[in-house]
Amino acid sequence: MPTTVKAIDIVVSDLGAAIEFYGRLGLEFVRDPYMPDNHAGCDLPNGLHLMLDTEELRSKTTEHWTPPNQGRTFLTFEYDGPADVDTKYAELVAGGVTGLQEPFDAPWGMRYATVADPSGNGVDLYANLAAS
């Protein structure tokens with residue numbers, strides 16, 4: 001039987017701050033009624049489920065797990081055009097989000113930028129340059 005990826009789990013330091021941050025990127029998370037302070041989920045249009053778990057919950061469910069010093073996973077958001085990447089990056093940074101890479105035209109044909117979520121996980125913003 002083939003394996004199917006159905007969910008991605010992002011570990012966060014502050015669930016409320018993470019929900020607010022990802023809401024600014026258009027995602028709507030719902031807190032789990034059994035663990036409202038530690039777990040939330042968001043169904044994505046492509047059938048994938050995105051989860052946010054607190055460090056506290058992950059530490060309880062995964063023996064010997066400790067938070068890394070810096071995020072190792074980058075969630076990537078596609079935009080319609082290069083100007084949209086610039087606009088979203090500027091909006092996020094003006095709102096206090098840490099910018100990791102200002103928008104640039106990447107050699108692979110995309111306008112690309114990177115910010116950090118409140119827990120330090122990377123979030124890429126991109127659009128195909130041909131969309132301009």
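All values reported here derive from a predicted model rather than from experimental measurement. Numbering starts at 1 and runs along the sequence shown.
Each of L125 and Y112 belongs to its own hydrophobic cluster when Ile, Leu, Val, Met, Phe, Trp and Tyr are linked at side-chain heavy-atom distances under 4.5 angstrom. The cluster map of Ile, Leu, Val, Met, Phe, Trp and Tyr, joined by side-chain heavy atoms under 4.5 Å apart, puts L50 and L15 in the same cluster. W108 and L129 are not part of a single hydrophobic cluster, where members link through side-chain heavy atoms under 4.5 Å apart. Criterion: ILVMFWY side-chain heavy atoms under 4.5 Å apart, direct or through other members. Under it, L100 and Y22 are not part of a common hydrophobic cluster. Under the 4.5 Å side-chain heavy-atom criterion for ILVMFWY residues, no single connected hydrophobic cluster contains both V30 and I10.
To the nearest 0.5 Å, atom CD of residue E20 and atom CG of residue L25 are 9.5 Å apart. Taking CG of L52 as the start and CZ of R31 as the end, the distance is 9.5 Å to the nearest 0.5 Å. Rounding to the nearest 0.5 angstrom, the gap separating the CE atom in M110 from the OG1 atom in T76 is 9.0 Å. Distance check, rounded to the nearest 0.5 Å: CD of E91 to CG of D84 gives 11.0 Å.
Through direct or indirect side-chain contacts shorter than 4.5 Å among Ile, Leu, Val, Met, Phe, Trp and Tyr, M51 is connected to no other residue.
Nearest heavy-atom pair, A116 versus F21, reported as atom, atom and distance to 0.1 Å: O-CE1, 4.0 Å. When all heavy atoms of V85 and Y126 are compared, the closest pair comes out as CG2-C, 3.4 Å. The shortest non-hydrogen separation linking D86 to P103 is OD1-CB, 3.1 Å. The nearest pair of heavy atoms linking A18 to V12 is CB-CG1, 3.8 Å. Of all heavy-atom pairs between S119 and S13, the closest is OG-N, 2.6 Å. Heavy-atom minimum distance, L27 versus F77: CD1-CZ, 3.7 Å.
Inter-residue side-chain proximity for I8 and T73 is flagged as unmet; no heavy-atom pair is nearer than 4.5 Å. Under the 4.5 Å side-chain criterion, counting only non-hydrogen atoms from C-beta, T114 is not in contact with V123. In this structure, N121 and L75 have side chains that are not in contact, with every pair of non-hydrogen atoms separated by 4.5 Å or more. Side-chain atoms of V115 and T98, non-hydrogen and from C-beta on, never get closer than 4.5 Å to each other. L92 places a side-chain heavy atom less than 4.5 Å from the side chain of R24.
The salt bridge (charged side-chain N to carboxylate O under 4.0 Å, His left out) pairs that include a residue from residues 44-55 are D53-R58, where partners are two or more places apart or lie in different chains.
Looking only at distances, no side-chain donor or acceptor of K88 sits under 3.5 Å from a matching main-chain atom of A83. In terms of modelled atom types and a separation under 3.5 Å, the side chain of D32 and the main chain of G41 share no donor-acceptor contact. When atom types are taken as modelled, the side chain of T54 and the backbone of L57 share a donor-acceptor pair closer than 3.5 angstrom. A donor-acceptor contact shorter than 3.5 Å is absent between the side chain of R111 and the backbone of P82. Put simply, the side chain of N38 never gets that close to the backbone of M35: no donor and acceptor are under 3.5 Å apart. A donor-acceptor distance shorter than 3.5 angstrom exists from the side chain of N46 to the backbone of L48, with no hydrogens or angles considered.
Residue Q101 places its CD atom among more than 12 non-hydrogen atoms of other residues, nucleotides or ligands, all under 6.0 Å distant.
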